[in-house]
Amino acid sequence: MASNNISRRQALTVAVGIAAAAGADGVFAAAPRRPNILWVVSEDNNPFIGCYGDKLARTPTIDALAQHGILYRNVYSNAPVCAPSRFGILTGIYPESCAPANQMRAVAQFPREFATYPEIMRKAGYWCTNSAKTDYNCSVDPAAIWDGQGKEAHWRSRPDDRPFMAVFNYGVSHESQLIGVTEGAVQPAQVRIPGYLPDTPGIRRDYASYYNLIEKMDGQIAARLAELDADGLADDTIVFYYSDNGGVLPRSKRYCYDEGHRCAMVVRVPDKWRHLAPVGPGSSIDTPVSFIDLAPTVLSIAGLAAPAQMRGRAFLGDRIRPPVGLSFGMRNRMDERIDFCRTVTDGRWRYIRNYMPHRPWAQHQAFAWQLRSYQEWDATHREGKLNPAQARFFGQKPYEELYELGSDRDQLVNLVGDGSAAAVLRRMRSAIDEQMLSINDNGFLPEGMAGEGFIPSRDRRVYPLRRVMALASAAARRDPRKLALLRGNLTSPIPVLRYWAATGLLMLGDKAAAARAELRALASGDPSPHVRIAAAEAVAGLGDGALALSVLAPLARDASSWQLQLHALNALTFMPSQPAILPLAREVAISEVLYVRSAARYLAATLDGSFTPAMRIFDLQLMLKKMKESGGEA
């Protein structure tokens, strides 16, 4: 796979070219009329939609759009959660290329010389509005990139008849709406429960509520399209419906399975603009499309070239490019829990690589555990009533997973090691490796370590990616034969290599006993706090809990870096218990940082024996306070 990485000088050339083409007022000279573009975006849903073959769904509006438009059958978000996904949609850059955009809720530094798609479209004469969600996971100021931003933003606010790009986001299907019950046409007895979940009343209730919320969302989209018709604009507007990431039912949002990444997308192209579509109305397209393709696509519809940093391929407009046939996805930190996964699918197969297989899938997350379905899954596990397919979620992960989606829609039969799938496995492994190198994947840098970002991480003296990938792979395979390799990197001058060496020894457990002295020295004196944390957890597993606590406790208390606090709290959560951890957790549990508070509250409750799956760990009042301070989003 050829690399599209661009230098800072090349990026500046792109920006200068945009500025030079604009007039004195920053708007391009008059160009041939272009279509309006309307995005109606739902939150947190898989295609529980009639036109995707779901017989329980009640989605007449989206189904009608598909009848008169193009149905994309294999559409994927590039992250299984909103904030990193929205970063990619806005910028056209994979979030893992610009850490910490790959973490859930962070502030990545978006390079100043780059432009987002609304900025480029505004310079070309489009009126661009967003109502209302931003959640871009980076330093971009929403008010600076849109003509209208907020709940009142609308195409109707444009001062003249210039073409518009209008985005409307619908939160009725968001995860938070499943905390309660939504009654409707679909009843709990009607739903299908996937094989990885137990069949409990709460899980059935959440599935039924989800269907009923999707029906409400469909009605809201109908109202927006009615506005378009009432304004006489339907014949001049290309309409996109899509969902911003996968679903929120258990093992979907935040996880790298199909349920976390697979979304819906339907595009209706009016007759007047049919030449911009690859197929006619009523058609469907099976080739995978990723949300990284959205920015180049709207620019293509507007007759504009995508800047070099945008890695996707336009699937509509003047500049359609042949699809690569693969969709890539990722996970790093999700809320208060740290993990690291990469995935790729071609629509038939899904491959997942777990770089932290020592962490279970079911790391408790305070927000998600507000759902009755998560609570009952966890409770049934604690009662010992799960079958192996259902219990797997609470165990450690394999390094690699491979699933054939046609015959195994629930992704329960891991075909890694099955000779019949060996060629597919080789192809998917190569695709992931090539992708990570091509986009300069920052994910191996623990959050807050020097080197994060689109430009800084290209410094191979700080982040020699090929070497890091090889070491992290050796670590995550947990192969004792790699002990010498891991020990050898403990003295590397490059912090990220020392971090993965220590993490690899942590994952080896007792088989790393020969490295105890080196790990003790690293935990006590390494200049990188991330390395000290990994080494401390490793020595705790080898019986040196007192030393580990002496390293981790100060970092867990240090509010100057909540990211390091989270790293330390996660290590304390999974290491053998020490008596002094409980008072430490109670002390930190009053933090004003929501994720730190959640992690510490959970740790304290598990240590004092008060935890139950239905226990309210998430602090709603603190979230509302932070939302107010940030202007509407926690």
Side-chain angles (χ1 to χ4, degrees), residues 42-63 75 77 80-82 170-221 243-264 361-362 364-365 367-381 383 385-387 389-394 403 405 408-412 613-614 618:
S42 61
E43 296 189 42
D44 293 355
N45 62 276
N46 299 127
F48 281 43
I49 294 171
C51 57
Y52 281 87
D54 194 314
K55 299 188 185 305
L56 275 183
R58 293 170 176 258
T59 50
T61 306
I62 299 171
D63 297 346
V75 181
S77 60
V81 73
C82 59
Y170 297 91
V172 68
S173 55
H174 186 267
E175 179 176 28
S176 57
Q177 303 304 304
L178 273 183
I179 295 172
V181 179
T182 300
E183 301 291 351
V186 176
Q187 298 298 308
Q190 297 175 275
V191 303
R192 172 191 174 270
I193 303 301
Y196 51 84
L197 289 176
D199 191 343
T200 70
I203 289 174
R204 284 194 167 274
R205 187 202 74 178
D206 280 359
Y207 267 80
S209 289
Y210 191 62
Y211 274 105
N212 295 328
L213 290 166
I214 296 295
E215 181 177 3
K216 288 178 180 290
M217 175 270 291
D218 187 84
Q220 292 177 340
I221 291 174
S243 53
D244 66 347
N245 52 255
V248 298
L249 293 159
R251 210 201 73 169
S252 56
K253 187 175 183 178
R254 303 178 184 89
Y255 301 96
C256 282
Y257 293 102
D258 242 38
E259 294 81 10
H261 287 277
R262 188 166 179 240
C263 300
W361 287 278
H364 180 276
Q365 291 180 301
F367 195 92
W369 255 249
Q370 294 180 98
L371 272 59
R372 181 68 63 85
S373 46
Y374 269 113
Q375 294 171 9
E376 291 192 2
W377 194 5
D378 192 351
T380 309
H381 163 66
E383 293 165 1
K385 296 180 180 178
L386 297 178
N387 66 35
Q390 298 160 356
R392 187 179 73 150
F393 185 64
F394 297 89
Y403 303 101
L405 301 171
D408 182 21
R409 64 182 287 188
D410 293 338
Q411 297 135 93
L412 292 171
F618 186 78

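Note that the structure is predicted; figures quoted are calculated from it, not measured. Positions are given from 1, in the same order as the sequence printed here.
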What are the two closest heavy atoms between [X] and [Y], and how far apart are they?
X	Y	value
Gln177	Val172	CG-O, 3.2 Å
Ser77	Gly260	OG-O, 3.9 Å
Thr59	Gly50	OG1-N, 2.9 Å
Thr380	Thr200	OG1-CG2, 4.0 Å
Lys385	Gln390	O-OE1, 4.4 Å
Asp63	Cys51	OD1-N, 2.8 Å

* Is the count of non-hydrogen atoms from other residues, nucleotides or ligands lying under 6.0 Å from Arg204 atom CZ greater than 12? -> yes
[atom1]-[atom2] distance between [X] and [Y], expressed to the nearest 0.5 angstrom:
X	Y	atom1	atom2	result
Met217	Ser42	CE	OG	4.0 Å
Ile62	Ile49	CD1	CD1	4.0 Å
Glu175	Leu371	CD	CG	6.0 Å

Just so I know, are the side chains of [X] and [Y] near enough to count as touching, which here means a heavy-atom distance under 4.5 Å?
X	Y	answer
Pro201	Glu376	yes
Asp258	Tyr403	no
Arg205	Val181	yes
Glu215	Val186	no
Leu249	Glu259	no
Leu56	Tyr207	no
Asn245	Pro80	no
Tyr374	Pro250	yes

May I ask you to decide if [Y]'s main-chain N or O and [X]'s side chain share a donor-acceptor pair within less than 3.5 Å?
X	Y	answer
Gln365	Ala362	no
Ser173	Ile214	no
Tyr211	Gln187	no
Ser209	Thr182	yes
Gln411	Leu405	no

* To do: State plainly whether the residues Lys253 and Asp44 are in salt-bridge range, i.e. N to O under 4.0 Å.
  => yes
* Asked: Hey, is Arg192 close enough to Asp410 for a salt bridge, meaning N to O under 4.0 Å?
  -> yes
* Structure fact -> Exactly one of Trp377, Trp361, Tyr196 clears ring-ring contact (aromatic ring centres under 6.0 Å, His included) with Phe393, and that residue is Trp377
* Structure fact -> Exactly one of Leu178, Asp206, Asn45, Leu213 clears side-chain contact (heavy atoms from CB on, under 4.5 Å) with Val248, and that residue is Leu178
